[in-house]
Amino acid sequence: MKRGWKEAAGRLRAWLIAQEKRLVLWANKRHLDRGVKKLLGVWLRTITHAGGAVFTLAASLAAALFAPAPWSAAGWQSLTAVTVSHVPVYIVKRKFRRLRPYQALKEIVTGTKKPLTDPSFPSGHTTAIFAFVIPFLAADARLLPLLLPAGLIVMASVGWSRIYLGLHYPSDVVAGALIGTVTALVVTSVGWMPV
């Protein structure tokens, strides 16, 4: 009985990996109208940097130091969430050491001159953007109906850009989104900020 479950789990895992590779290849081939493809490419190659450490940490710190309340508190929480969220990302990347799609699949085009070479799982950019945005969404409940759509577009765009550029698999992005979200929710629920 135990062997049957193990075989079924192995088949399911192989199927999921194959589907994930298909999705990366589909996203990377960019099967769109030429004009749409160009605009989408510019957007995704630009927005992907919003998930980088430089942007998320600098923007969080700027909001913490210079924005009025409640945005200054959100800035401190965002800075904390981005920083803390990268501890599990660092640990998991060192444990799993998964090759990035462009390294594992010869058909992938990165669209960037210097693609990252560290392990793929989980996506640090996706982790950072979720950890960065969520404290700002939680800062003022009255503005949530206005901020939520913009926040979702930015977070989803950064996540999709990582797949589109051949730098991450969907599971890398999902794991990063979960780590960033959980960290941001814990930080905002504690309400931490410096005195």
Report yes if the side chains of [X] and [Y] come closer than 4.5 Å at any heavy-atom pair, otherwise no.
{"X": "Asp172", "Y": "Arg162", "result": "no"}
{"X": "Leu65", "Y": "Ser72", "result": "no"}
{"X": "Ile91", "Y": "Phe96", "result": "no"}
{"X": "Leu44", "Y": "Ile47", "result": "yes"}
{"X": "His86", "Y": "Thr83", "result": "no"}
{"X": "Tyr90", "Y": "Arg94", "result": "yes"}
{"X": "Pro101", "Y": "Leu167", "result": "no"}

- Determine, for Arg13 against Glu20, whether the closest basic-nitrogen to carboxylate-oxygen distance falls under 4.0 angstrom.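 Salt bridge absent between Arg13 and Glu20.
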- Could you check His49 against Val158 for side-chain contact (heavy atoms from CB on, under 4.5 Å), going step by step and ending with a plain yes or no? CA-CA 8 Å; His49 299 294; Val158 169; over 6 Å; no
[X] side chain to [Y] main-chain N or O, any donor-acceptor pair under 3.5 Å?
{"X": "Arg98", "Y": "Ser120", "value": "no"}
{"X": "Thr183", "Y": "Gly180", "value": "no"}
{"X": "Ser157", "Y": "Val154", "value": "no"}
{"X": "His168", "Y": "Val173", "value": "no"}
{"X": "Gln19", "Y": "Leu16", "value": "no"}
{"X": "Ser189", "Y": "Val186", "value": "yes"}
{"X": "Lys93", "Y": "Asp118", "value": "no"}

Determine whether [X] and [Y] fall in the same hydrophobic cluster, where Ile, Leu, Val, Met, Phe, Trp and Tyr are linked whenever their side-chain heavy atoms lie under 4.5 Å apart.
{"X": "Leu152", "Y": "Trp43", "result": "yes"}
{"X": "Phe66", "Y": "Val82", "result": "yes"}
{"X": "Trp160", "Y": "Phe55", "result": "yes"}
{"X": "Leu148", "Y": "Leu143", "result": "yes"}
{"X": "Met155", "Y": "Leu178", "result": "no"}

Interatomic spacing from [atom1] in [X] to [atom2] in [Y] - rounded to 0.5 Å:
{"X": "Leu79", "Y": "Leu61", "atom1": "CG", "atom2": "CG", "answer": "6.0 Å"}
{"X": "Ile17", "Y": "Tyr169", "atom1": "CD1", "atom2": "OH", "answer": "9.0 Å"}
{"X": "Arg100", "Y": "Leu105", "atom1": "CZ", "atom2": "CG", "answer": "13.5 Å"}
{"X": "Leu165", "Y": "His125", "atom1": "CG", "atom2": "NE2", "answer": "9.5 Å"}
{"X": "Lys21", "Y": "Ile108", "atom1": "NZ", "atom2": "CD1", "answer": "10.5 Å"}
{"X": "Leu12", "Y": "Glu7", "atom1": "CG", "atom2": "CD", "answer": "13.5 Å"}

Return the minimal non-hydrogen interatomic distance between [X] and [Y], and the atom names on each side.
{"X": "Leu99", "Y": "Ala104", "answer": "CB-CB, 4.3 Å"}
{"X": "Gly159", "Y": "Thr126", "answer": "CA-OG1, 3.7 Å"}
{"X": "Ala63", "Y": "Gly75", "answer": "CB-CA, 4.0 Å"}
{"X": "Ser171", "Y": "Phe121", "answer": "O-CE1, 3.6 Å"}
{"X": "Ile129", "Y": "Gly51", "answer": "CB-CA, 4.2 Å"}
{"X": "Ser60", "Y": "Ser78", "answer": "OG-OG, 2.8 Å"}

- Tell me, please, which residues at least two apart from Phe130 pass ring pair (Phe, Tyr, Trp, His ring centres under 6.0 Å).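 Here no residue qualifies.
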- Taking Tyr164 as the fixed residue, which of Leu40, Asn28, Thr110 is the one that meets the side-chain contact (heavy atoms from CB on, under 4.5 Å) rule?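 It is Leu40, the one option of Leu40, Asn28, Thr110 that forms the side-chain contact (heavy atoms from CB on, under 4.5 Å) with Tyr164.
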- Between Phe136 and Trp71, what is the ring plane arrangement, given parallel below 30°, perpendicular above 60°, and tilted in between?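 Phe136 and Trp71: parallel rings.
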